[in-house]
Amino acid sequence: MDFLFQQAWIGEVITSLIIVGAFLIVRVFLIRLVKSGPEILTDEQRRWQVRIKNTTWIAILIGLFFVWAPELHTLALSITAFALAVVIATKELLTCLIGGFLRAGTRNLKVGDWLSVEGIAGEIIDVDGIGLRLQEIDLAGKTYQFTGKNHHIPNSKLLTNSFSKLTFMKTFVVHDVQVTLQHVAADPELLMDKFREITEKHFASHREEAILFNEEFERVSGLDLHDADPQFFLATKDFSHIVFTARLLLPTKLAAGLESDIIREFLSLVHRDGHLPLPAPA
């Protein structure tokens with residue numbers, strides 16, 4: 001009887017292997033087709049890769065279900081106990097799958113979006129039924145460059161933790177350029193004028209683009225944002241430090257470089273002119 005029972009399962013096993021192998025071969029062919037072209041994949045190409053992979057696994061599961069459905073029918077009496085055991089043993093996995101269905105249903109997150117969750121910020125480069133894969137971005141250092149680190153975020157984290165979708169920051173960012181000087185015998189207003197002049201000079205080539213982006217974002221979001229012109233602030237800190245701040249709306253990829261150029265030119269001017277002493281009275 002055991003021999004006959006084993007023989008009865010051979011057909012299902014062979015059919016299952018054929019189904020899995022066929023769909024995996026098709027998946028490899030389709031992914032290679034999507035990758036053909038430029039070496040650096042676009043967001044749309046990565047999205048198609050995700051669709052192909054997820055559709056393949058769904059098709060495999062459906063195929064296996066139909067193959068093994070008759071055998072599963074014979075276990076109907078023990079399904080309840082088995083299901084309870086599976087739920088207890090795979091609670092985390094089920095939470096990830098539920099989170100994946102909710103994410104897919106709402107279409108809230110997709111490949112190419114910027115996301116921040118549990119202190120990790122990055123661009124979504126892959127999505128599957130279990131979670132997301134992020135390419136980390138340096139937000140803390142305000143360089144907005146990829147760090148080279150990849151993080152896998154389970155879908156369960158998206159259900160139990162708050163997260164931020166950084167749609168705005170992928171294209172433009174509100175970036176603060178700050179210069180801190182020790183107390184000097186100079187007119188702060190004169191220093192601020194020089195700081196404003198240097199900042200405006202470097203910002204000039206991006207002003208029109210920033211204005212257009214600001215108007216488009218206001219239209220889409222329905223929010224009344226501050227205009228795209230630079231804002232300037234003067235503050236003091238402990239130990240007699242003076243802080244000059246320029247708040248700029250800049251293309252994200254250029255923000256760190258522009259900040260460096262402004263700081264370098266301003267500090268060079270202060271050093272060269274001996275802290276810009278007060279002008280002689282008239």
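As the structure is a computational prediction, the values presented were derived from the model and not from experiment.
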Quick one: pull up [atom1] in [X] and [atom2] in [Y] and give me the separation to the nearest 0.5 Å.
| X | Y | atom1 | atom2 | result |
| --- | --- | --- | --- | --- |
| L181 | L191 | CG | CG | 6.5 Å |
| D193 | I198 | CG | CD1 | 11.0 Å |
| I124 | W114 | CD1 | CH2 | 12.5 Å |
| I262 | T199 | CD1 | OG1 | 4.5 Å |
| L134 | K149 | CG | NZ | 13.5 Å |
| L115 | L132 | CG | CG | 6.5 Å |

Could I get the full list of side chain to side chain donor-acceptor pair (under 3.5 Å) partners for [X], not counting sequence neighbours?
| X | answer |
| --- | --- |
| Q135 | N150 |
| S16 | W68 |
| Q49 | none |
| H151 | E136 |

Margin query: Taking salt bridge (charged side-chain N to carboxylate O under 4.0 Å, His left out) as the cut-off, I'd like each qualifying pair that reaches into residues 48-63, sequence neighbours left out, listed once.
Written below: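 Qualifying pairs, neighbours excluded: E44-R51, K53-D126.
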Item checked: Residue pairs fulfilling salt bridge (charged side-chain N to carboxylate O under 4.0 Å, His left out) with at least one residue in residues 252-263, sequence neighbours excluded ->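 Listed once each, the pairs are D261-R264.
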What residues form a salt bridge (charged side-chain N to carboxylate O under 4.0 Å, His left out) with [X], not counting sequence neighbours?
| X | value |
| --- | --- |
| R46 | D43, E123 |
| K142 | none |
| E197 | none |
| E216 | R219 |

Next item on the list: Mind checking ring pair (Phe, Tyr, Trp, His ring centres under 6.0 Å) for Y144 and listing every partner two or more places apart, or none if nothing turns up?
Entry: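 Y144 satisfies ring pair (Phe, Tyr, Trp, His ring centres under 6.0 Å) with H175 once adjacent residues are dropped.
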Margin query: With a 6.0 Å cut-off on the ring centroids, do F244 and F233 count as close?
Written below: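 For F244 and F233, the ring centres are not under 6.0 Å apart.
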Notebook entry, point to check: Are I125 and I153 linked, directly or through other ILVMFWY residues, by side chains that come within less than 4.5 angstrom of each other?
Noted result: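 As far as the 4.5 Å side-chain criterion goes, I153 and I125 are not connected within one cluster.
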Check: Shared ILVMFWY cluster between I25 and V28, side chains joined below 4.5 angstrom?
Finding: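 Different hydrophobic clusters.
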Notebook entry, point to check: Side chain of T56, backbone of F23: donor and acceptor closer than 3.5 Å?
Noted result: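 It does not hold such a pair.
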Notebook entry, point to check: Just by modelled atom types, is the R207 backbone N or O under 3.5 Å from a matching donor or acceptor in the E209 side chain?
Noted result: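 No.
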Item checked: side-chain contact (heavy atoms from CB on, under 4.5 Å) partners of T15, counting only residues at least two apart ->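 Residues passing side-chain contact (heavy atoms from CB on, under 4.5 Å) with T15: I19, V67.
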Notebook entry, point to check: Are T147 and D138 close enough that a side-chain donor and a side-chain acceptor fall under 3.5 Å?
Noted result: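 Checked: T147/D138 side chains show no N/O donor-acceptor pair below 3.5 Å.
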Note to self: Just so I know, are the side chains of T236 and V243 near enough to count as touching, which here means a heavy-atom distance under 4.5 Å?
What the structure shows: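 No. Closest side-chain heavy atoms not under 4.5 Å.
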Check: Would you say the side chain of Q145 lies within less than 4.5 Å of the side chain of I137, judging by non-hydrogen atoms?
Finding: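 A side-chain contact under 4.5 Å is absent here.
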Next item on the list: Could you check L249, I211, L248, L254 and say which one makes a side-chain contact (heavy atoms from CB on, under 4.5 Å) with H206?
Entry: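 Only one option passes, and that is L254.
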